[in-house]
Amino acid sequence: MPSSGDDVHVPRAAVEIRDRDEIRYEAQKIEEKWAARWQADSALYGADSDRAKRKYYVLEMLPYPSGVLHMGHVRNYSIGDALARFMWMQGYNVLHPMGWDSFGLPAENAAIKNNTPPKQWTLANIANMKKQMNRLGFGYDWSKEVTTCFPEYYRWNQWFFLKLWERGLAYRKKSKVNWCPECATVLANEQVVNGCCWRHETTVVEQRELEQWFVRTTAYAQELLDGLDKLEGWPEKVRTMQRNWIGRSEGALVDFKLDLAQGPAGDKITVFTTRVDTIYGATSVQLAPEHPIVTDLIANNPELLAKVEGLLAEQRKAREVGDVGAIEKHGVFTGAYAINPFNDEKVPIWVANYILMDYGTGAIMSVPAHDDRDYEFAKKYGLDIRVVVMPRRQGEIPASDEEETPVLPYTGTESLLINSGPWNGLSVDRALERMSSYAQEHGFGKATVTYRLKDWGVSRQRYWGTPIPMVYCDKDGVVPVPESQLPILLPENVDITLEGGSPLAKLPEFVNTTCPKCGGPARRETDTMDTFVDSSWYFYRYTDPKNDRAPFEKTTADYWFPIDQYIGGVEHAILHLIYSRFWTKFMRDIGLISSSEPATRLFTQGMVIKDGAKMSKSLGNIVSPDDMVARYGADSARMYTLFGGPPDRDLDWQDAGINGVYGFLGRVYRFVMRNGIGISKVALSSDGTGAISPEARRLQRVLHQTIKRITNELQGRWHFNTCVSSIMSYVNELYAAQSAIDKGLIPKPLLRELQRGLVLMLSPFAPFLAHELWEQMGETSKLVREKWPAFDPALAKEDEIEYAVQVNGKVRSHITTPADASEDQVREAALNDPKIVTILAGRTPVKVIVVKGKLVGVVVK
RNA sequence: GCCGGGAUGGCGAAAUCGGCAGACGCAUCGGACUUAAAAUCCGAAGAGCCGAAAGGCUCGUGUGGGUUCAAGUCCCACUCCCGGUACCA
C-alpha cells in the first residue's frame with residue numbers, strides 16, 4: 001500500500017488516516033503478510049554461489065524436532081538472524097542455514113506412547129517447527145535444509161563410519177551398559193532414574209558387558225587439547241571445560257610385583273601416579289573393585305569376594321546418583337602384598353570403593369602423607385603414614401624426619417624429598433623426572449601421559465538412528481559393507497512397541513544378509529549410531545546438501561569454512577563441540593576439507609528463565625513462543641529476547657517487558673505512518689552539511705550517533721540490548737521533533753533520511769515491521785540486501801560539550817564549551833565558573849585535570 | 001572441594017579505557033485528549049534532609065579494608081546466588 005497520490009506531503013489520505021490517534025500497529029496483519037511473501041520468495045535468504053564474494057557463515061545449533069520451539073530457541077535464532085541480516089547489509093555473501101537433528105530416543109518414546117511411527121511423529125514435528133520459524137521470520141536458506149533422519153543424510157554417516165573403520169578409528173570392544181531386565185534392552189544413562197528403569201520404576205537396572213562400537217577420539221586427544229589455545233574466538237569458559245574434559249595428566253606407570261609367597265608368580269600390578277616422587281611414602285596399593293587381578297587374589301575367599309561386591313555396589317550407586325565424591329571411603333585388605341620396586345618394601349594390597357577402573361590403570365599406590373584421599377583412607381584403617389617430602393625452606397636440605405613435619409596431608413610441590421634413600425634432597429620437579437627415568441631404565445615403569453577423555457561409544461541398541469554398516473560372517477568375522485551398498489536403509493513399519501531388545505534385531509529381513517567377502521550367509525549389525533554422529537558434521541552438509549556422490553564437495557566446503565560465527569547453548573560446550581572438532585580433524589585427515597577447526601567464533605547464549613528458575617513443566621513457568629506471537633507478534637517476541645539483557649547472560653522473562661517492546665514498535669510504526677508514507681519520492685540530499693535549522697541539525701546528529709553506536713555493537717560486543725535502547729532513544733528524539741516537523745522546519749530530504757535510517761537499523765531486530773515501513777515509505781529495493789547505513793563522524797559530532805567540574809572529587813558545577821575548545825580553554829572556563837570561584841574561595845588549585853569531553857577535576861588543599 | 005559467571009532503584013538493566021551511577025524499558029504517579037474509559041501524547045521520579053520555589057546538601061552499586069584528585073570499574077580479604085564439574089590418583 002504505497003502512497004496513492006502524487007502529493008507526498010499529504011500522507012494521511014494515502015492510508016485514510018484522519019488523525020494520528022487512529023494509527024494502530026497491527027502486528028498480526030503486517031507479519032502474516034510478510035511471512036507469506038518471504039515464503040514465496042525462496043531466493044530471498046539464499047546464499048550466493050559466487051565464490052569471489054566475501055563470505056560469512058553464521059550458524060545456530062540445529063534443533064531436535066521435539067514438536068514446538070521454546071523461548072531458548074527463539075533467543076538463539078533471534079541472535080543469529082540479527083547477525084545474518086546485519087552481515088547481508090554489510091555486503092557479505094551470507095550462509096544462514098537450518099536443519100533438524102531428527103534421530104534419537106524421544107521419537108521412539110513418543111511412538112510407544114502415541115502409537116505413531118517415529119518417522120511420522122518426527123516429520124510432523126519438523127513441519128510444525130518450520131512453520132513456527134517462518135512465522136517468526138527467521139531468514140534461512142531453506143534450499144540448504146538438512147534432515148538427519150533422511151537416508152540422503154545418514155548414508156554419509158555410514159560412509160564416514162567405513163572411513164573410520166579403514167583408518168582403525170572405529171573398533172569393537174566389550175563395555176558396560178545399563179540393562180533393564182524387564183525391557184530386555186539397553187538404557188541410556190538419562191533413562192536410569194534412581195538406579196531403576198524409567199519405564200519400570202521398580203526394576204533395578206543391571207550393568208552388563210556388551211560388545212559395543214567405539215570411535216577412537218583419544219587418537220586426537222592431544223590435538224583437541226592443543227587446538228583450544230588457538231580458538232581465541234571461543235569463550236574461555238568453554239575452552240576450560242574442554243581442557244578439563246580432555247583431562248591430560250602427566251605421570252608415571254610403576255609395576256609393583258606381587259609378593260611371591262602370596263600371589264601367582266610373576267604377576268604384577270601396574271599403578272598410575274602423578275607423584276612418583278612420593279613412592280617411598282607408599283604404604284599400600286589400592287585396587288578398583290573391578291580390577292581383574294582382584295579375583296585372582298581372593299578367589300578362594302568367598303567372604304572377601306562378598307565384601308568386594310559390596311564395595312562395587314557402593315561405587316555404582318554413587319555414580320548413578322551422581323555424587324561419587326561424597327561417598328564414604330571403604331576398603332578391604334586382600335591379604336596379599338606387593339613389592340615397591342624402589343625400595344623392595346612389602347606393602348599390603350587393598351581394594352577400595354574410591355578407585356575407578358576406567359581411569360589410569362585402576363590401581364594406585366597409596367601415599368597417605370601426601371594425598372588427601374589416601375590420608376583419609378589410611379586414618380580410617382590405621383595404615384602407616386610416612387612423610388617423604390618437606391616444604392622447601394630457603395633451599396636448605398631438611399636433614400631428616402627429626403625436623404618438624406608439615407601439616408598432613410601435605411600436597412605442596414615446592415618441596416624436597418626426605419626418607420627416600422638415594423633421592424633425598426631432590427626437589428619434587430627433578431625427582432619426578434629422574435625417578436621415572438630410573439624406573440624405565442630398570443624395566444619396572446615409565447613416564448606416561450593419560451587422558452580423562454575416553455573413546456566415544458557410538459553403539460545404540462535402538463531403532464531410530466543410523467544403522468551401523470557392518471556385517472558378521474561366521475567365516476570372515478566382522479566385515480564392512482561396501483560403499484556401493486550404501487545406504488543401509490532403516491526399515492520402516494517396525495513395531496517398536498514390542499519389548500525386549502533392539503527392534504532391528506527382531507527383523508529377519510534386516511538381519512539376514514550375505515557376507516560381502518565370501519557371499520555366504522551373514523548377520524547385519526543391528527546397533528544404530530549415537531545421534532552425536534549426525535550433529536558432528538551437519539554444518540558441512542549445509543554447504544552442499546544434495547550431493548549424492550560425496551558428503552559434500554571440498555571446494556564448496558573450503559569456501560564456506562570455517563564457520564564465522566556459531567551460536568548455541570552452553571549445554572553443548574563439551575560433547576557436541578568436542579565430537580565436532582574431532583570429526584573436523586578426521587575429515588581433514590581423509591582429505592575432505594582443509595581446516596582443522598569447524599568454527600572460528602563461538603557464542604554461547606544464556607538461558608531464558610522465569611521467576612529466577614529454568615522454565616519447566618513442573619514449575620509451570622513456561623512461556624510459549626506461539627502465545628507471545630499471537631499476543632504481541634514475532635517482532636516483539638524476537639526483540640524482547642534481545643532487549644531483556646546482554647545475550648551471554650540468562651534472560652529473566654517478564655511479560656511486562658515484551659509488552660514494553662510491543663509499545664515501542666507501535667511508536668515506530670505510528671511515527672513513520674504519520675511522517676514517512678511515500679517519502680521515498682523525495683530525493684536524498686547529496687550533502688548533509690548545508691545550513692539547516694538547529695532542530696534539523698540535532699536530529700541529523702542523533703541519527704549519526706545512533707548509527708555509530710549500533711554498528712559498533714554489532715561488530716563488537718554484541719550487546720543487542722543497548723542497540724535496542726539506542727533506537728528507542730532515537731525514536732524519542734524524533735517524537736520530540738514532531739512539532740518542528742509539522743511546522744516544516746525539517747527539510748524533506750533529511751526527514752526521509754531520518755526514517756530510512758530508522759527502518760534500516762531496526763531491520764535486523766524487527767524485520768517484519770521494518771519491511772512494512774520500507775514499503776510504506778515507497779522504497780522498492782530489497783530491504784534485506786540494502787546497504788547498512790554509514791555514519792559520518794562529522795555529522796555525529798557534538799557542537800558543544802558539557803563538562804562536569806569537580807572540586808576534590810565532588811561534582812560542583814557544569815560548564816558548556818564549544819566542541820573544539822582546547823584543554824587550556826576548558827580549564828580556564830572551569831576555573832572561571834562562578835560556582836567554582838565561590839567554592840575555591842581564593843584558594844589556588846594544586847592540580848587541575850581535564851578529561852577530554854567529560855570532566856574537569858580541580859584539586860585544592 | 002575446584003573452575004566459570006553474577007550481586008547496581010519497586011523490577012529487567014546501562015555505564016565499552018579509572019572520570020557526572022541508574023541511560024533505555026517496565027511498573028508507579030501526574031498532566032493533555034475524552035462525557036468517561038481504553039489507546040495515545042507529554043511530564044515526574046535512587047534514598048534522605050533543607051528550601052515557598054529556584055536550587056542546595058548528605059548518603060548510595062553484596063560486606064569490610066586499601067590505592068587515587070576521582071572506584072560499580074583497580075588491589076586485598078570475605079558473604080551470598082547461579083551454572084559446570086569431581087574420589088581423575
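All figures in this text were calculated on a predicted structure; none of them were measured in a lab. Convention: sequence-line order gives letters A, B, ...; per-chain numbering from 1.
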Work out how far the C1' atom of rG83(B) is from that of rG10(B), and round it to whole angstrom. 27 Å
Lys610(A) vs Gln654(A) side-chain heavy atoms within contact, under 4.5 Å: no
Heavy-atom protein contacts under 4.0 Å, nucleotides 13-23 of chain B, coded B base, S sugar-phosphate only, - none: SSSB--BB--B
Rounded to the Å, how far apart are Asp371(A) CG and rC88(B) C1'? 11 Å
Is the distance from OP1 or OP2 of rC41(B) to the nearest side-chain N or O of Arg670(A) less than 4.0 Å? yes
Ring-ring centroid check Tyr662(A) Tyr25(A), cutoff 6.0 Å: yes
Residues in residues 238-253 of chain A with a heavy atom under 4.0 Å of RNA chain B, by number, are Thr240(A), Met241(A), Ser249(A)
Would you check if Met639(A) and Leu665(A) make a side-chain contact, meaning some heavy-atom pair closer than 4.5 Å? yes
Please confirm whether the shortest side-chain N or O distance from Asn808(A) to OP1 or OP2 of rU68(B) is below 4.0 Å. no
Does rG9(B) sit syn or anti, given that only angles within 90° of 0 count as syn? syn
Side chain proximity check, Met761(A) to Thr711(A), heavy atoms < 4.5 angstrom: no
note: Gln738(A), atom CD; rC42(B), atom P; distance rounded to Å ~ 9 Å
Could you check if the base of rC17(B) is syn or anti? Syn means the glycosidic torsion is within 90 degrees of 0. syn
Value in whole Å for how far the P atom of rC24(B) lies from CE of Met728(A): 11 Å
Determine the Euclidean distance between corresponding C1' atoms of rA7(B) and rG12(B); express it in Å to zero decimal places. 14 Å
Between rC82(B) and rA27(B), how far apart are the two C1' atoms, rounded to whole Å? 26 Å
Verify the ring-centre separation between Trp350(A) and Tyr381(A): is it less than 6.0 angstrom? yes
Nucleotide opposite rA7(B) in a Watson-Crick or G-U pair, distances under 3.5 Å: rU79(B)
So does Tyr354(A) get a side-chain nitrogen or oxygen closer than 4.0 Å to the phosphate oxygens (OP1/OP2) of rA89(B)? no
For Arg698(A), all residues meeting salt bridge (charged side-chain N to carboxylate O under 4.0 Å, His left out), sequence neighbours excluded: Glu733(A)
Sort out the partner of rG18(B) for me: Watson-Crick or G-U wobble, both distances under 3.5 Å, none otherwise. none
Rounded to whole angstroms, how far apart are CD on Gln654(A) and C1' on rC24(B)? 14 Å
Arg812(A) side-chain proximity, nearest of rA27(B), rU58(B), rG25(B): rU58(B)
Is it true that, when you exclude Gln222(A) itself, more than 12 heavy atoms of the residues, nucleotides or ligands shown sit nearer than 6.0 Å to its CD? yes
Paired to rG30(B) by Watson-Crick or G-U wobble criteria (both distances under 3.5 Å) is rC42(B)
Which is true for Asn732(A) with a 4.0 Å heavy-atom rule: it touches a base, it touches only sugar-phosphate, or it touches nothing? sugar-phosphate
P gap between rG25(B) and rA15(B), integer Å: 16 Å
Can you check the distance between rG6(B) and rC59(B), where both ends of the measurement are the P atom (answer in whole Å)? 29 Å
Can you tell me, in whole Å, how much space there is between the P of rC78(B) and that of rG4(B)? 16 Å
At under 4.0 Å between heavy atoms, what does Ile609(A) touch on the DNA or RNA strands: base, sugar-phosphate, or nothing? nothing
Where does the angle between the aromatic ring planes of Phe444(A) and Phe342(A) fall among parallel (under 30°), tilted (30 to 60°) and perpendicular (over 60°)? perpendicular
Among rA89(B), rC69(B), rC41(B), the one nearest Lys847(A) by side-chain distance: rC69(B)
With rounding to the closest Å, how many angstrom separate the P atoms on rU8(B) and rC76(B)? 23 Å
For atom NZ of Lys852(A), decide whether the heavy atoms of other residues, nucleotides or ligands shown that lie under 6.0 angstrom number more than 12. yes
When the distance from CE of Met365(A) to P of rA89(B) is rounded to whole Å, what number comes out? 13 Å
Distance check, C1' atoms only: rG18(B) and rU68(B), in whole angstrom units. 9 Å
Where does the angle between the aromatic ring planes of Phe671(A) and Tyr735(A) fall among parallel (under 30°), tilted (30 to 60°) and perpendicular (over 60°)? tilted
Pairing partner of rU85(B), by Watson-Crick or G-U wobble and under 3.5 Å for both distances, is rG1(B)
Is there a side-chain contact between Arg275(A) and the phosphate of rC88(B), meaning an N or O under 4.0 Å from OP1 or OP2? no
Heavy-atom nearest nucleotide on RNA chain B for Gly660(A) versus Ala363(A): which residue maps closer to 5'? Gly660(A)
d(NZ, Lys379(A); P, rC87(B)) in whole Å: 25 Å
What is the separation between atom CD on Glu733(A) and atom P on rC41(B), rounded to the nearest whole Å? 16 Å
Tell me which nucleotide among rC88(B), rC69(B), rG4(B) gets nearest to the side chain of Tyr359(A). rC88(B)
Nearest whole angstrom, please: distance from the P of rA38(B) to the CZ of Arg24(A). 14 Å
Going by atom types alone, do Glu314(A) and Asn353(A) pair a side-chain donor with an acceptor below 3.5 Å? yes
Can you tell me if Lys835(A) touches the phosphate of rG56(B), counting only side-chain N or O atoms and a distance under 4.0 Å to OP1 or OP2? yes
Centroid separation under 6.0 Å, is that true for the rings of Phe532(A) and Trp456(A)? no
In terms of the nearest nucleotide of RNA chain B, which residue is placed more toward the 5' end: Val661(A) or Tyr640(A)? Tyr640(A)
Could you tell me the Watson-Crick or G-U partner of rC57(B), where both distances fall under 3.5 Å? Say none if there is no partner. rG48(B)
